[in-house]
Amino acid sequence: MRFGEHLRSSMIKEYYWYYINYETLKKALKTGYVTEPTPDNSKPDRKPWTEDDEKHFVTILESELDKVFNFQKIKSDEIVRRIQASEKEVNDVVSRLDSSGRPSAQAPTDEDFLLLEQVLSDIIADVHDLAKFTQLNYTGFQKIIKKHDKETGWHLKPVFAARLNAKPFFKDNYDAFVVKLSKLYDLVRTKGNPVKGDSAAGGSQQNFVRQTTKYWVHPDNITELKLIILKHLPVLVFNPSKEFEEDDSAISSIYYDNPETWELYMGRLKKTEGAEAIRLRWYGGMGSDQIFVERKTHREDWTGEKSVKARFALKEKYVNDYLAGRLTVDRIFEKMRKEGKKSEAEIADLERLAREIQYRVISRGLKPVTRSFYHRTAFQLPGDARVRISLDTELTMTREDNLDGRQRTGNNWRRMDIGVDWPFSQLPPDDVERFPYAVLEVKLQTQAGQEPPQWIRDLASSHLVEAVPKYSKFIHGTATLFPERIHLLPFWMPQMDVDIRKPATRPFGIQRPLTSTSMSANETPEDEEDSDDEVSDEAQASNGGARTSRLPPPEAEPDALFDETDGNALDIEERIAAQPLPGDEDYPLYDSDEEYMDSDELEEARRVGGRYYYEQLAKYYAQNFATGLITVLKALIPRPRPTNMPPPEQRGIAVMGNKRTVKRFVAPKGKRIHVPVRVEPKVYFAAERTFLSWLEFSILLGTIAATLLNFGEDYITFACSWAFTILAAIALVYSLMLYVWRVDKIRKRRDVKRVYYEKWGPTIVGVGLVAIMLANFGLRIRQSGFMAKDGDSSGDLRGGEL
C-alpha cells in the first residue's frame, strides 16, 4: 500500500479539504519523458529538472503548507474556545450544588452531568483527531521532500526545514489540553465532588513500596493514550495554583556509579539481592533549588521484603559538599530538627539514610555517569496512591562523566551546559541517547489477591502499549552511552530494532462510528529508498483514529489470547509467553550468555592471576580442543544430514493468531545480552536434594556390591559385585562433580539447560544396571546348563559301573 493510498483511506471526512494534496505534488515532480515509452522501454529517461520546474513545485508546496498550517491553527483555537466554554458550563453546574447536601430546585441533575460528559468526550475525540491530522500531514511533507530530492537531484530538504519551523503546525503541544480536559472531566465524572488529597502525590513521603509494570508507547499513540487514561484518572498537577507550563513536568536524574567496576549497573542489571541505585533528582528547570537524594534497593521476593525507594531533600548549594564528605549529616538536618515538623524517629531514619549514601559515594568512588531527562504526565487521584500511572515522553539520556578526558561535569555533581532544553541539539551525538518511545509505568498498591481495575487490564493488553518488564532508564542509558566500557547488555536491547506497533484487535480507544485511521501517521518503512513510499500491510492497522478501527467482522471468532478470563488466569503477556514455541522447546531466544560464558570465567581468573589462572587457561584450551575434535569426528561419520531451511523473515516473536515464528537474537561482537535468571534459596536446596538422592542411590549400589562380595562363593558373584562397585563409584563421582558444577552456575546466575535438566547420568546408570542384571542372569543360566550336563554324565557312568 503506497502512502498516497494510505493517506486517502485515513482521511477524516470533516478535514478532507485541508490535508496535503500528495498526488498533486507527485505529479509536479514529473517532467515528461525524453522519448515516448515503448513496450521494450516502458520507463525511458525523463527530461532534466529545470529551475522553472523547481519554482512551480515550491509554489505548490508552499500553498499546501499554508493550507495545513492555517487549518491546524484554526482548529486548535476552536478547541481552546470549546474547552473554555465547557469550563464555564461545568463551573456553573458545579456551583449549583448545595453545599449542605439537601435537595434544591436549582440543583443539577444526573442528565446535566451526562450531557457535559458527552460534550467533553466529543472535545477529547477532536483533540485526538487533530493530533492524528497533524502527524499524517507532517509525514506527508517529509515523504514528498524526500521524493523530490531523490528524483530531481535538487536538495530542498534543508531549505524547507526552515519553512516548517516558521509554520510549526506539527509542534503544537497537546499537554495543556490534556491537563484542562482532565480537570473538567474529573469534575463531571464525580458530579462535582472530586477526590481531595495531597496533590504532591507522594512528594512528602520518603519510602515507596509499589508494584510497577512498565510499557513502551510509540509516539503515534501518546496523545490517544493520554486521552484514554484521563477518562479514568485525573492528571496529577503538582502546583494547581499556576497555569500549566511544559517545564513543570520536566524531571531530571543524575545516576552515580563507579566508572571502573560499574558495580551499581551490574547489580541493577542482574537484580542481585540488595542491588542499589543512587541518583540525584530534581523537578522542573535547572533553577530548582530542592534536590532529592535517592537510593533504590532491590529485594528478592524470597526475602519477604519489597524493593524500596528512599530519599531525602537537600539544597542544591550543599550537594557538592555533601557528596565530598565536607558537609556532615547532622548539619543537614539541624534546621529540620529545630522546626519540629517531623518526629525524632523520622529524622533519625533520614539521617541514617543520608549517612549510608554519603559513605557509599565516598568509599566506592561513585561518580556521575548518566543523566535521564523526560516530561512526565502523571495520572492519580490526589492523596490516593493505590493506582498511579505515569507517562514519560521525550526521554533522553546524556553522559555526565569525564572518562574520555572531556570535562563535562568537572568537579561539579552535574554538567551545566544543558538544562531542560530538549532535544539538546547542542550536544555531540556520542553524548546523547534519545529514546524513540515513551515509557508508561502502571504502579499499583493493591491488597493480596485483589485484581487491578478492568480498564487497566484492557489497557495493558491493547495495541497501544508494549510490555517491557523491568525496563530501567539508568541501565538503558548507561549501556548505550558507554559502548566501549559496558559489555553486558539488558535483555530488551534486541527489541529496539523491532517495530512495537501492533494492529488493533479489539475495539479499544477513542472511537466514533466513522471511518477509521488504520495506520500510524509517522510510518516510514525502510523500503522507501527503493519504492514509491510504500507502506507495509502489517503496519496499515497499527493505530486507530478517533473513529471505529478496522476490526475483524463480528462473526469472526476472537483470538484465544484475548478471551476474557477470570482473575486467576494469566494476563495477555503471560498467555503469549506460556505458549510453546514451534520446533525445539529448548530453542534459546538469547544465546549470548552461553557463547561468552567461558571467556568471562577466564577473564576473572586472569584478574586473580597466579597458578589458578594457568590452570583455568589450560582447562579452557583443553575444552576447546576436545570440542573441536568431537565436531570433526561428527562431520566425518557418515549419517543422514538435515535439510537447511531458510531463516524466518520476522525478527523476534511474531504473534499471528495461534502461531508464532521465532528468530534468535545474536549479541554484537564482544558483548552479551543478559537474560534475567531468577535464583532463590530453594534452587540451592533443590540442587542439594538432587545430590543427596544420587548419594543414596550410590550407597545402595555399594551395599549390594559388598553383600555379594562377602557372601558369594563363585566367580559370577565376584564379577557382579565388582561391576556394582564400579557403577556405584561412577555414580558417586559423577553426582559430586555435577553438584559442584550446578552450584557454581547457579551462583553465577548462568542460564544453562543442564542446571535443570540432565539426560546422560540417569541414562548411563540405568543402562549399566540392566547390563549387569542381564549378564548375571545369563551367566547363571549358562552355569545351570553346565551343571545339568555334568550330572547326566555322572549318572551314566554310575549306571555302567553297576
Side-chain angles (χ1 to χ4, degrees), residues 253-281 293-300 303 305 307-311 322-325 352-372 397-404 408-409 413-414 433 470-493 592-593 596-597 599-609 667 670-679 744-751:
S253 301
I254 305 292
Y255 291 92
Y256 279 66
D257 203 344
N258 187 319
E260 300 296 331
T261 61
W262 300 99
E263 55 183 283
L264 298 188
Y265 171 85
M266 291 298 179
R268 298 297 296 184
L269 177 62
K270 296 181 179 180
K271 297 297 179 184
T272 55
E273 169 59 24
E276 295 178 344
I278 295 177
R279 69 187 181 192
L280 277 68
R281 167 174 288 189
V293 183
E294 300 182 351
R295 182 185 66 186
K296 299 177 70 175
T297 306
H298 174 73
R299 296 297 182 189
E300 295 282 7
T303 62
E305 301 180 13
S307 298
V308 177
K309 179 178 74 175
R311 66 180 182 179
Y322 166 74
L323 295 176
R352 182 171 61 254
L353 173 66
R355 286 192 179 94
E356 291 176 356
I357 294 179
Q358 187 181 51
Y359 175 76
R360 282 169 172 75
V361 171
I362 297 175
S363 62
R364 298 183 181 180
L366 304 184
K367 304 293 182 182
V369 291
T370 305
R371 175 188 298 195
S372 68
M397 297 85 165
T398 59
R399 290 185 62 170
E400 295 283 322
D401 64 285
N402 305 318
L403 297 177
D404 55 357
R408 298 178 177 86
T409 59
W413 65 277
R414 63 178 176 182
E433 168 68 18
K470 306 301 180 182
Y471 172 77
S472 170
K473 304 179 183 70
F474 165 52
I475 292 176
H476 184 88
T478 305
T480 54
L481 293 173
F482 300 93
E484 301 298 330
R485 298 175 181 267
I486 300 297
H487 304 292
L488 188 62
L489 306 179
F491 70 91
W492 60 78
M493 277 302 185
S592 57
D593 265 348
Y596 294 94
M597 179 170 45
S599 60
D600 277 358
E601 295 176 354
L602 188 62
E603 180 63 22
E604 294 177 2
R606 187 186 65 80
R607 288 196 293 267
V608 174
K671 297 184 181 295
R672 294 188 293 116
I673 301 295
H674 173 71
V675 181
V677 178
R678 186 170 180 171
V679 178
D744 179 67
K745 299 306 177 186
I746 292 173
R747 181 179 58 83
K748 295 179 179 178
R749 291 174 176 255
R750 299 296 189 185
D751 186 16

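Numbers here simply count residues along the sequence, with the first being 1. Note that these values count all heavy atoms, side chains included, but never hydrogens, waters or copies made by symmetry.
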Visitor: Specify the closest pair of heavy atoms between Asp257 and Glu263, including all atoms of both residues, with the distance to one decimal.
Guide: OD1-N, 3.4 Å
Visitor: Residues two or more places apart in sequence or in another chain: which of them pass side-chain contact (heavy atoms from CB on, under 4.5 Å) with Lys296?
Guide: Arg268, Ala277, Arg279, Lys309
Visitor: Could Arg414 and Glu400 be called an ion pair, given the rule that one side-chain N must be under 4.0 Å from one carboxylate O?
Guide: no
Visitor: For Glu433, which residues count as a side-chain contact (heavy atoms from CB on, under 4.5 Å) partner, sequence neighbours excluded?
Guide: Met397, His476, Thr480, Leu481
Visitor: Which heavy atom of Asn258 sits nearest to which heavy atom of Arg364, and what is that distance?
Guide: ND2-O, 2.7 Å
Visitor: Which residues pass the side chain to side chain donor-acceptor pair (under 3.5 Å) test with Arg355, not counting sequence neighbours?
Guide: Asp330
Visitor: Let me confirm one number: the CG-OG1 distance from Asp401 to Thr478, rounded to the nearest 0.5 Å.
Guide: 10.0 Å
Visitor: According to side-chain contact (heavy atoms from CB on, under 4.5 Å), who are the partners of Glu356, at least two apart in sequence or on a separate chain?
Guide: Arg295, Arg352, Arg360
Visitor: Apply side-chain hydrogen bond (donor to acceptor under 3.5 Å, both in side chains) to Asn402 and Thr409, showing your working.
Guide: CA-CA 7 Å; Asn402 305 318; Thr409 59; 3.3 Å; yes
Visitor: What is the minimum heavy-atom distance between Pro259 and Leu403, and which atoms define it?
Guide: CB-CD2, 3.4 Å
Visitor: Within this structure, what is the CD-OG distance for the pair Gln358 and Ser363, rounded to the nearest 0.5 Å?
Guide: 10.5 Å
Visitor: Would you name the heavy atoms of Ala479 and Pro490 that are closest together and state the gap between them?
Guide: CB-CD, 3.9 Å
Visitor: Who are the salt bridge (charged side-chain N to carboxylate O under 4.0 Å, His left out) partners of Lys367, not counting sequence neighbours?
Guide: none
Visitor: Once you round to the nearest 0.5 Å, how far does CD1 of Ile475 lie from NZ of Lys470?
Guide: 10.5 Å
Visitor: Does the side chain of Met266 come within less than 4.5 Å of Thr261's, by heavy atoms?
Guide: no
Visitor: Tyr256: which residues meet the ring-ring contact (aromatic ring centres under 6.0 Å, His included) condition with it, sequence neighbours left out?
Guide: none
Visitor: Does the side chain of Arg311 come within less than 4.5 Å of Val293's, by heavy atoms?
Guide: no
Visitor: Below 30° counts as parallel, above 60° as perpendicular, anything between as tilted: where do the rings of Phe474 and Tyr255 land?
Guide: parallel
Visitor: Which heavy atom of Trp262 sits nearest a heavy atom of Val369, and at what distance?
Guide: CZ3-CG1, 3.9 Å
Visitor: What's the spacing between Ser253 OG and Arg281 CZ if we round to 0.5 Å?
Guide: 3.5 Å
Visitor: Nearest 0.5 Å please: distance from the CG atom of Leu323 over to the CG atom of Leu280.
Guide: 6.0 Å
Visitor: Minimum heavy-atom separation for Tyr322 to Ile357, with atom names?
Guide: OH-CB, 3.6 Å
Visitor: May I have the step-by-step check of side chain to side chain contact (heavy atoms under 4.5 Å, CB included) for Ser472 and Tyr265, ending in yes or no?
Guide: CA-CA 10 Å; Ser472 170; Tyr265 171 85; over 6 Å; no
